[in-house]
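Comments concern the structure below.
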2 protein chains.
Amino acid sequence: MKAIVDEQIPNREKCLSNVNAIRDALFVLNGKWKLPLIFTLLERSQRFNEIQQSVQGITPKILSKELKDLEENGFVKRCVYPTTPVTVIYEITPYSDTLKSVLHELYLWGTQHRDMIRESMRKKKDVS
Amino acid sequence: MKAIVDEQIPNREKCLSNVNAIRDALFVLNGKWKLPLIFTLLERSQRFNEIQQSVQGITPKILSKELKDLEENGFVKRCVYPTTPVTVIYEITPYSDTLKSVLHELYLWGTQHRDMIRESMRKKKDVS
DNA sequence: CCGGATCCGCCTAGATACTG
DNA sequence: CAGTATCTAGGCGGATCCGG
């Protein structure tokens, strides 16, 4: 935090660009299905209907849209094989590995934060 | 990524809890105003109307709600001084420092990703 | 089999006005 | 000054049906 902030205080331009970079990162991971999809495709490449099986509750429309998003962001490759009918396989790209540290940090902080919240809830309850 | 994934494949329970921890982290930072508010309060503690000045375009209702969110998550402390009329100062808590590494990673990855996207856009344009 | 098209309900952000 | 109250709008996710 300190490091980022120190850079930001001098001028507002840079601060905004920092915020925007962070927001971009948050944005591409956001939504109900992005993470489940990435994780299921990390296990193995799959076809459309397979993915729908793996990720419980997602509808074709949303799946289609989410896969398109992931493809545009370079996380997923859509491979079409000219069988009859065509076979479409979705696979994770090596670029997804760049997410490693972000996801790890998010996981660590999220876990820690959950414990913190739970603890503060408990204290509140004790008082009341 | 690899580290997280390796832990996840064995059982689905743990995978889901990982995803949820990450989602929690994403959730508390998400939205249009959370980051701008955190950053402006990092510069200095401020009163309600001051914040509204600092963060361009936010309406009182939204500001009120967002501050409440930030307070519940432990990032912001609401200090009421019994003047007449009351003075309310919002200040950043030390707990916000725990965001340091997450935000830094998000910033790094977001910047990198933006460059990547821009580059791939350029290539597309060259072809067409 | 792999989606696209259409319609719909909900949630939430925002605008505006107002109050203790 | 520090918010609330009320209303509106739009975007997202979901359900359902349709087509190559």
Side-chain angles (χ1 to χ4, degrees), chain A residues 19-20 22-41 44-73 75-92, chain B residues 16 19-20 22-24 26-41 44-73 75-92:
Chain A
V19 168
N20 284 337
I22 297 177
R23 228 205 292 281
D24 287 351
L26 291 174
F27 190 72
V28 302
L29 295 176
N30 211 9
K32 194 171 172 181
W33 305 108
K34 298 268 162 52
L35 291 172
L37 284 174
I38 289 176
F39 284 122
T40 197
L41 286 176
R44 57 194 172 83
S45 301
Q46 288 168 70
R47 309 182 57 170
F48 192 88
N49 282 3
E50 283 181 300
I51 304 175
Q52 210 181 342
Q53 299 286 329
S54 304
V55 179
Q56 285 277 344
I58 194 167
T59 62
K61 175 191 165 186
I62 304 295
L63 177 54
S64 170
K65 180 185 145 295
E66 297 290 298
L67 285 173
K68 223 166 276 175
D69 281 3
L70 293 175
E71 200 188 349
E72 281 178 9
N73 283 309
F75 300 139
V76 165
K77 178 138 184 283
R78 184 175 184 271
C79 307
V80 183
Y81 299 96
T83 52
T84 46
V86 291
T87 307
V88 183
I89 306 278
Y90 294 90
E91 61 183 44
I92 281 286
Chain B
L16 285 182
V19 168
N20 284 336
I22 297 177
R23 227 203 295 280
D24 286 352
L26 292 174
F27 190 71
V28 302
L29 294 176
N30 211 8
K32 193 173 173 181
W33 304 109
K34 298 269 162 52
L35 291 171
L37 284 174
I38 289 175
F39 284 123
T40 196
L41 286 176
R44 57 194 172 83
S45 301
Q46 288 168 72
R47 310 179 58 166
F48 191 88
N49 283 4
E50 282 182 300
I51 305 176
Q52 210 181 340
Q53 299 286 329
S54 305
V55 179
Q56 284 278 343
I58 194 167
T59 62
K61 178 188 165 185
I62 304 296
L63 177 54
S64 171
K65 179 188 148 293
E66 297 290 296
L67 285 173
K68 225 165 274 177
D69 281 2
L70 293 175
E71 200 188 349
E72 281 178 10
N73 283 309
F75 300 140
V76 165
K77 178 138 183 282
R78 183 175 183 271
C79 307
V80 182
Y81 300 96
T83 53
T84 46
V86 290
T87 307
V88 183
I89 306 279
Y90 291 92
E91 58 183 44
I92 282 285

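Residue numbers begin at 1 in each chain, while the letters A, B, ... track the order of the sequences. Remember, predicted model here, so these are calculated numbers, not experimental data. Any value given below was found using the heavy atoms of this structure, including those in side chains, with hydrogens, waters and symmetry copies removed.
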Student check: side-chain heavy atoms of B:Cys79 and B:Tyr90 closer than 4.5 Å: no

Could you check whether any side-chain heavy atom of A:Val88 comes within less than 4.5 Å of a side-chain heavy atom of A:Tyr81, counting everything from C-beta outward? no

A:Glu50: partners by side-chain contact (heavy atoms from CB on, under 4.5 Å), with sequence neighbours left out: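 Testing A:Glu50 for side-chain contact (heavy atoms from CB on, under 4.5 Å), a comparison that skips the adjacent residues, returns A:Arg44, A:Gln46, A:Arg47.
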
Suppose we screen for side-chain hydrogen bond (donor to acceptor under 3.5 Å, both in side chains). Which residues come up paired with A:Glu66, at least two apart in sequence or across chains?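 In terms of side-chain hydrogen bond (donor to acceptor under 3.5 Å, both in side chains), with neighbours along the sequence ignored, A:Glu66 is linked to no residue.
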
Is any side-chain N or O of [X] closer than 4.0 Å to OP1 or OP2 of [N]?
| X | N | answer |
| --- | --- | --- |
| B:Trp33 | C:dA13 | no |
| A:Arg47 | C:dG3 | no |
| A:Thr59 | D:dT16 | no |

So A:Tyr90, base contact, sugar-phosphate only, or nothing? Heavy-atom distance under 4.0 Å.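 If one applies the 4.0 Å heavy-atom cut-off, A:Tyr90 turns out to touch the sugar-phosphate alone, with no base involved.
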
If you look at every strand shown and take non-hydrogen atoms under 4.0 Å, does B:Asn49 touch a base, only sugar-phosphate, or nothing?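 The residue B:Asn49 makes base contact.
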
Take the C1' atoms of the five end pairs on each side of the helix from C:dC1-D:dG20 to C:dG20-D:dC1, derive the two axes, and give their angle rounded to 10 degrees.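 That helix has its two terminal axes inclined by roughly 40°.
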
Using the closest heavy atom to pick a nucleotide of DNA chain D for each, name whichever of B:Lys61 or B:Gln52 lands nearer the 5' end. B:Gln52

Just the rounded figure in Å: distance from P of D:dG10 to NZ of B:Lys32. 14 Å

Under the criterion side chain to side chain contact (heavy atoms under 4.5 Å, CB included), which of B:Val55, B:Leu37, B:Asn49 is the partner of B:Leu63? B:Leu37

